[in-house]
Participant: 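The structure under discussion is supplied below as structure tokens; questions concerning it will follow.
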Number of protein chains: 2
Amino acid sequence: MSDDLDAIDLRILEHLQQDASLSTAELADKIGLSQSPCWRRIQRLRDEGYIKRQVAILDRTKLGLDMQIFAQIKVGRLDDTERAAFERSINNVPEIVECYSVFGELDLMIKVVAPDVRWYQEFVFDTLMKLPGVQDVRSVMTLSEMKYTTAMPLPRKGGARTAAASKKR
Amino acid sequence: MSDDLDAIDLRILEHLQQDASLSTAELADKIGLSQSPCWRRIQRLRDEGYIKRQVAILDRTKLGLDMQIFAQIKVGRLDDTERAAFERSINNVPEIVECYSVFGELDLMIKVVAPDVRWYQEFVFDTLMKLPGVQDVRSVMTLSEMKYTTAMPLPRKGGARTAAASKKR
DNA sequence: TATGAAAAGATAATCCC
DNA sequence: GGGATTATCTTTTCATA
């Protein structure tokens, strides 16, 4: 449970969260290390949970999913059982790609991918409104995606003040 | 540019977007195919752009990034040059992980990851408010992440009415 | 404790059917 | 699409510092 990352670990993570198809040798080369230590570090980063998983990112629009909508939802008080059921429902709807409980007037912020407006309209009435306790749904349709990344900010070499660098662990 | 996916392609995509660390042989086995055709299909799905890339998903909280915030931003009219500069700025800030232009009262919806409230406060004043044309920032802090996935909904075997299935291509 | 070189094993990529 | 071959990469072992 040694819990600190050195500069080399961070460079490995930075590369892998941009492109996990790199071979160990290529990656080792990029960071000026030989294969074995590079491989062991990757293994350790996996074992310690810094790397959660490795996934393929698909082209949303090529799959006909041209729309993305943020839906803000007002939910009434739920007991623990209802809450668990709610969360299970959310996870069973593949078109809901993100869901957060949030501070403020509305209780949930969810991100939905959809093929078109008609589909989404049905989705709101047939799926969202039927989730337990849902009282109100306010939808914000996106016009364009200016940025979408799965990459987390990591402390950078220059010691620049980034999010990841400012937190004492 | 043959543009249709059969049931096997979809099963391959489904597996890979959940776990891209599967070997071709393992994947082939899961879908009842032998290695060569499975490999060729994966290659084709890559070439045709259905698979955009392969990334490592890191553990946000292990990196000290415990907060996620949706910031809705009002931006004044921008000409093309300013717009391009804006988009470049967004892409240069690693803590901004998603950014969409949206319909409605406010113009942009961005998702930010941050270590703590203090960091985020500084970020709003030192970074967000200094982006060209920004007039107003409204922040919604998330309390908990109920779902986050990079996986897109794909048409399913049963012919269930999913988002991906309803769009004619 | 970490590295590098090299062997052993597994996988990816190509061939032919 | 399948089977077999080759090339490449991953993983282990071992020697070194």
Side-chain angles (χ1 to χ4, degrees), chain A residues 1-59 62-63 150-151 154-157 159 164-165 169, chain B residues 1-59 62-63 150-151 154-157 159 169:
Chain A
M1 234 204 201
S2 88
D3 221 48
D4 251 5
L5 302 174
D6 65 19
I8 298 177
D9 290 329
L10 291 171
R11 296 187 60 197
I12 291 175
L13 291 177
E14 188 57 54
H15 275 105
L16 289 182
Q17 70 174 344
Q18 303 292 346
D19 181 6
S21 70
L22 286 166
S23 73
T24 315
E26 286 172 312
L27 181 52
D29 192 47
K30 279 177 191 286
I31 63 178
L33 210 65
S34 65
Q35 298 171 8
S36 321
C38 182
W39 181 84
R40 278 189 295 258
R41 277 171 186 266
I42 296 171
Q43 209 60 20
R44 179 171 51 75
L45 291 168
R46 242 184 258 290
D47 291 346
E48 292 180 353
Y50 289 99
I51 297 171
K52 282 203 293 193
R53 52 219 212 92
Q54 198 169 318
V55 300
I57 304 294
L58 307 188
D59 189 313
K62 280 192 80 83
L63 298 168
T150 55
L154 300 176
R156 288 196 288 275
K157 27 237 157 188
R169 311 215 71 249
Chain B
M1 232 200 205
S2 91
D3 221 46
D4 250 3
L5 302 173
D6 65 18
I8 298 176
D9 290 329
L10 291 170
R11 294 186 62 198
I12 291 175
L13 290 177
E14 189 58 53
H15 275 106
L16 289 182
Q17 70 175 344
Q18 304 291 346
D19 181 5
S21 71
L22 286 166
S23 73
T24 314
E26 286 172 313
L27 181 52
D29 192 49
K30 279 178 191 285
I31 62 178
L33 209 64
S34 64
Q35 299 170 8
S36 324
C38 183
W39 182 84
R40 279 190 296 255
R41 277 171 184 266
I42 295 170
Q43 209 60 18
R44 179 171 52 75
L45 291 167
R46 242 183 258 290
D47 291 345
E48 291 180 353
Y50 288 99
I51 298 170
K52 283 204 292 192
R53 52 218 212 93
Q54 198 169 318
V55 300
I57 304 293
L58 307 189
D59 189 313
K62 279 193 81 83
L63 298 168
T150 55
L154 299 176
R156 288 196 288 275
K157 29 237 160 190
R169 313 213 72 250

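When reading the values below, keep in mind they use all heavy atoms of this one structure, side chains included, and skip hydrogens, waters and symmetry mates. Lettering follows sequence order; numbering is per chain, from 1.
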Participant: Please determine if a side-chain N or O atom of A/Arg40 lies less than 4.0 Å away from the OP1 or OP2 oxygen of C/dG4.
Facilitator: no
Participant: One pair to check against side-chain contact (heavy atoms from CB on, under 4.5 Å): B/Ile51 and A/Leu58. What are the steps and the verdict?
Facilitator: CA-CA 5 Å; B/Ile51 298 170; A/Leu58 307 188; 3.9 Å; yes
Participant: By the 4.0 Å heavy-atom rule, please label A/Ser36 as base, sugar-phosphate, or nothing.
Facilitator: base
Participant: Between B/Ile12 (CD1) and C/dA12 (P), how many Å, whole number?
Facilitator: 13 Å
Participant: Are any of B/Thr24's side-chain N or O atoms less than 4.0 Å away from OP1 or OP2 of C/dA12?
Facilitator: yes
Participant: When you check the gap from the basic side-chain N to the acidic O, do A/Asp19 and B/Arg53 get nearer than 4.0 Å?
Facilitator: no
Participant: Taking only Watson-Crick and G-U wobble pairs with both distances under 3.5 Å, what dot-bracket line describes DNA chain D, where [ ] shows pairs that cross earlier ones and | shows pairs with another strand?
Facilitator: |||||||||.|||||||
Participant: Does a side-chain N or O from A/Trp39 land closer than 4.0 Å to OP1 or OP2 of D/dT10, or not?
Facilitator: no
Participant: Please tell me which of A/Gln35 and A/Cys38 maps to the more 5' nucleotide of DNA chain C, matching each residue to the nucleotide holding its nearest heavy atom.
Facilitator: A/Cys38
Participant: Nearest whole angstrom, please: distance from the P of C/dA5 to the CG of A/Leu33.
Facilitator: 11 Å
Participant: Tell me the closest heavy-atom pair linking A/Cys38 and A/Ile31, and the distance in Å.
Facilitator: SG-CD1, 4.2 Å
Participant: Round to the nearest Å and state the distance from A/Glu26 atom CD to D/dT10 atom P.
Facilitator: 8 Å
Participant: Could you go through A/Asp47 and A/Gln43, starting from their C-alpha distance and side-chain angles, then the distance that decides it, and tell me whether this counts as side-chain contact (heavy atoms from CB on, under 4.5 Å)?
Facilitator: CA-CA 6 Å; A/Asp47 291 346; A/Gln43 209 60 20; 4.3 Å; yes
